[in-house]
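Let me begin by presenting the structure, written as structure tokens, before commenting on it.
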Amino acid sequence: ERNVIEANVIIDSHDYALQASADAVIRNNLVVNTLGKGRAFLSKPEEAATPIRLLIVNNTFLAKGRAVTCRGWDRAQAEGILFANNAIYSADGSFVHGSLGKATTAGNIHVSDLSNFVDVDLGRRRFLAVPKPTSLLHGAASLSFAPRVDLNGAPRQKQQADTGALITAP
């Protein structure tokens, strides 16, 4: 059975804010890291284990440094990895470090401008990461992988889903 990490707001860590190697569902989380090197998400081999059976869907990663780091996803043993519909912001432009390798990917957006969100300012510690109606995230998700609800439990539209943890502001 997989560990489920869902509907969390994780703000700041002196390491990676969220880490997972295998057997996890990581869905509808807002992960922000402005401390230290400001890294949001890490997946890498642990001891003898290769990253496998990871479902990483509809998260918003906001980072001062590397937003997402993937190691070992290109190994022959890496299987069952889905990385979809994630909104990824990195202040220094390090959206994805490493390789998504053998992962199935769809609907991920590298956000280079925080004005896509209602009110996000890493320096002023404002993290209202709701996409604006004019945002690149609006309607960009792959419907095949979108969960029924967002981080707050609001239903996602069936015909047009948003990338990231939260649905677009009205």
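The first residue in the sequence is number 1, and the count goes up from there.
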In the structure I gave you, are the side-chain heavy atoms of I81 and W73 within less than 4.5 Å of one another anywhere? yes
Main-chain N/O of V149 paired with R156 side-chain donor or acceptor, under 3.5 Å: yes
Rounded to the nearest 0.5 Å, the OG1 atom of T34 sits from the CZ atom of R39 at a distance of 14.5 Å
So, taking the atom named CD in E79 and the one named CD1 in I52, what distance separates them when rounded to the nearest 0.5 Å? 6.0 Å
Note, R125 side chain near I11 side chain (heavy atom, < 4.5 Å): yes
Does a donor on one side chain and an acceptor on the other come within less than 3.5 Å for S90 and R66? no
Taking C-beta and beyond as the side chain, do I5 and L18 meet within less than 4.5 Å on heavy atoms? yes
Could you tell me the separation between the OG atom of S43 and the OH atom of Y16, rounded to the nearest 0.5 Å? 11.0 Å
In the single-linkage hydrophobic clustering (I, L, V, M, F, W, Y; side-chain heavy atoms under 4.5 Å), do L100 and I88 co-cluster? yes
Note, P131 side chain near N116 side chain (heavy atom, < 4.5 Å): no
Strictly by modelled atom types, are H97 and T69 linked by a side-chain donor-acceptor pair under 3.5 Å? no
Pair D150-N28, side-chain donor/acceptor within less than 3.5 Å: no
Are V31 and L42 connected into the same hydrophobic cluster when the rule is that any two of I, L, V, M, F, W, Y join if their side-chain heavy atoms are below 4.5 Å apart? no
So, S21 side chain and K44 main chain: donor-acceptor pair closer than 3.5 Å or not? yes
To the closest 0.5 Å, what do you measure between CG (L136) and CG (D162)? 11.5 Å
Rounding to 0.5 Å, atoms CG (L54) and CD1 (I26) come to a distance of 6.0 Å
Transitive ILVMFWY side-chain link L122 to L35, under 4.5 Å: no
Pairing residues for H14 by the ring pair (Phe, Tyr, Trp, His ring centres under 6.0 Å) criterion, not counting sequence neighbours: none
Would you say the side chains of S142 and N85 form a donor-acceptor pair under 3.5 Å? no
Is the backbone N or O of G123 less than 3.5 Å from a side-chain atom of D121, with the two atoms forming a donor-acceptor pair by type? yes
Could you check if a side-chain atom of N59 sits within less than 4.5 angstrom of a side-chain atom of F41, using non-hydrogen atoms only? no
Should R53 and D23 count as an ion pair when the cut-off is N to O under 4.0 Å? yes
Would you compute the distance between atom CG of N58 and atom OG1 of T163 and round it to the nearest 0.5 angstrom? 6.5 Å
Taking every heavy atom of A40 against every heavy atom of A67, the minimum-distance pair comes out as CB-O, 3.2 Å
Sequence-distant partners of S13, side chain to side chain contact (heavy atoms under 4.5 Å, CB included), two or more places apart: D15, A17, N33
Are any of the side-chain heavy atoms of N86 and V57 separated by less than 4.5 Å? no
Stepwise, does the side chain to side chain contact (heavy atoms under 4.5 Å, CB included) test hold for L151 with L30? CA-CA 8 Å; L151 167 67; L30 171 60; 4.2 Å; yes
Minimum side-chain heavy-atom gap Y89-S112 below 4.5 Å: no
So F83 and F61, would you call those rings parallel, tilted or perpendicular, with 30° and 60° as cut-offs? parallel
Check V130, L128, V111 against F117 for a side chain to side chain contact (heavy atoms under 4.5 Å, CB included) and give me the one that passes. V111
Within one Ile-Leu-Val-Met-Phe-Trp-Tyr cluster: V96 and I56, side-chain cutoff 4.5 Å: yes
Return yes if some donor-acceptor pair links the side-chain N/O of K132 with the main-chain N/O of A169 below 3.5 Å, else return no. no
